[in-house]
2 protein chains.
Amino acid sequence: MFEGRLLQGSLLKKVLEAIKDLVTDTNFDCSETGIALQAMDSSHVALVSLLLKDTGFDHFRCDRNLALGINLQNMSKMLKCAGNDDIITLKAEDEGDTITFMFESPNQDKISDFEMKLMDIDSEHLGIPDTDYQAIVTMPSAEFQRIVRDLSSIGDTAVIGVTKEGISFSTGGDIGKANIVCRQNTNVDKEEDQTTVEIHEPVSLTFALRYLNSFTKATALSPQVTLSLSKELPIVVEYKIEKMGFLRFYLAPKIEEGDDEEEA
Amino acid sequence: MFEGRLLQGSLLKKVLEAIKDLVTDTNFDCSETGIALQAMDSSHVALVSLLLKDTGFDHFRCDRNLALGINLQNMSKMLKCAGNDDIITLKAEDEGDTITFMFESPNQDKISDFEMKLMDIDSEHLGIPDTDYQAIVTMPSAEFQRIVRDLSSIGDTAVIGVTKEGISFSTGGDIGKANIVCRQNTNVDKEEDQTTVEIHEPVSLTFALRYLNSFTKATALSPQVTLSLSKELPIVVEYKIEKMGFLRFYLAPKIEEGDDEEEA
DNA sequence: AAGGTGTAAT
DNA sequence: ATTACACCTT
């Protein structure tokens, strides 16, 4: 059987909030080392990768590797029934076709059991090569969210450029143009307000703002976000989940000059 | 060229919030003494007048008088991309057809440039005679906003009457009648809670609440609002902008007994 | 306190 | 269909 007990249940709630609009159905791959999830978004443009390591759970047990096929919209509905301070336990039998969510209120006065039907989903295990990126920027996640939202009100795509001075975001549309530059700054009071740039080579890539915007639904998971860029490679937008792992989003760059490129 | 740097950028954001629903396109008239704007609302019933004096800017330069034709909806969109604590700089070339908004975050780590296309707009320079009003009332802007909103839920027009005792607002509709009286009070702790009446002659005029309601979008600009009334003249609803000037709204009174008077 | 969402009105 | 208001959530 599989069982994972998560003291900070709100983490799981946030993860589902962050991905339920991007991916409809996917497998939660449970093994003795934790829970992993990889899925393309419904239009097959972006990729989501989640890791929740066993060590982040209060209690974790997984006798046999399981691929739990889950409709994220439905799972999210159920997790909405958990209080933000609730302890959440996930359970599944080895041969069962359901998953159980157990919610314990902080004072243990209320115990809820929610059972959800599992689905059979072909797992597409996508090998994501571990690349050395040309530029890695870590910045406050709220700032990234704000920038992406602001640019979305002006244009559809953004050019993200990194130099050793900092990171820039540009867009253009019918009403005008916008360019936002964030300088590297390591001299701030709080570590989470830092913007740091680790760079091997300057890089400049174009992305659809619509997807970047979706990714920022994960802002609540971490005060910082890490953007990794390399020429002609998908950007990686990573939110670290304290003690547990990460939630990563991958998005392929738009090919410049390619005016016949449109999302579905 | 024209360039104005405004340390308290939120002022400009608030000004646009206040007028963008009333006026669609208008000229910002820039001269060496500051920025002025005058425009009729789209249904040609109300008039907006804005003054931002050069002295209120951190830095102000205007080599040549410019009439910058601007779509307020678009400008507002761009200003929404400025943080509330950002420093905002406006720039325009003498012969250019764009205006640039530059936003500097408080710690200078984020610098944004937004460029917007200008439009050609016939400037309607409306001479507003400097009248001696029969009654001038200054009151808390939030209180005025609340009164106008409350009356709007009962009726379409309000009778505003001023005597030396105070100011009264009345309306009536299908569901009933309402009458709100605010007495002059100068004995309050905070100056901004005062209501003062300066009167030469009692006056009573009728106005469309819909427009008064629009005007109160400017409430955030000033803790106090000044209402100036004279028989058969438009009411002036003025919000002073600290160190910079004012935002004024003019609205002609409804002629009593004239039931064939309707806004477009 | 502010942003987002949902609803209601034009 | 669009826009403004209110409510609710973060």
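A note on names: the letters A, B, ... follow the listed sequences, proteins ahead of strands, and every chain is numbered from 1.
Residue B:D41 contributes atom CG, which lies 13 Å from atom P of D:dA4 at whole-angstrom precision. Taking atom CG of B:D150 as the reference point, atom C1' of D:dA6 lies 14 Å away to the nearest angstrom. Straight-line distance from the CG atom of B:L22 to the P atom of D:dT3: 16 Å, rounded to whole Å. The interatomic distance linking A:N84 (CG) with D:dC8 (P) rounds to 18 Å, in whole Å. C:dG4 atom P lies 14 Å from atom CD of A:E17, rounded to whole Å. What separates CG of B:N213 from P of D:dC5 is a distance of 6 Å, to the nearest Å. Taking atom CG on A:D85 and atom P on D:dT10, their separation rounds to 12 Å, with Å as the unit. Taking atom NZ of residue A:K217 and atom C1' of nucleotide D:dT10, one finds them 14 Å apart after rounding to whole Å.
Relative orientation of the B:F249 and B:Y239 rings is perpendicular, given thresholds of 30° and 60° on the angle between their planes. Taking the six-membered ring for Trp and thresholds of 30 and 60 degrees, A:Y211 and A:F215 have ring planes inclined between 30 and 60 degrees apart.
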Close N or O pairs between protein and nucleotides 6-9 of chain C (under 3.5 Å):
none

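Partners of B:K20 by side-chain hydrogen bond (donor to acceptor under 3.5 Å, both in side chains), not counting sequence neighbours, listed by chain and number: B:E17. With sequence neighbours left out, the side-chain hydrogen bond (donor to acceptor under 3.5 Å, both in side chains) criterion links B:E104 to B:R5, B:Q108.
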Side-chain donor/acceptor pairs under 3.5 Å, residues 168-183 of chain A, sequence neighbours excluded:
{"from": "A:S170", "atom 1": "OG", "to": "A:N179", "atom 2": "ND2", "distance (Å)": "2.7"}
{"from": "A:T171", "atom 1": "OG1", "to": "A:T157", "atom 2": "O", "distance (Å)": "2.6"}

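Applying the side chain to side chain donor-acceptor pair (under 3.5 Å) definition to pairs two or more places apart or across chains, those involving residues 240-249 of chain B are B:E238-B:K240, B:E238-B:R248. Applying the salt bridge (charged side-chain N to carboxylate O under 4.0 Å, His left out) test to pairs two or more places apart or on separate chains, those with a residue in residues 138-149 of chain A are A:R146-A:D150.
A:R149 comes within 4.0 angstrom of sugar-phosphate atoms only, judged by non-hydrogen atoms across all strands, and of no base. Within 4.0 Å (heavy atoms only), B:K80 reaches no atom of the nucleic acid at all.
OP1 and OP2 of D:dT10 both lie 4.0 Å or more from every side-chain N or O belonging to A:K13.
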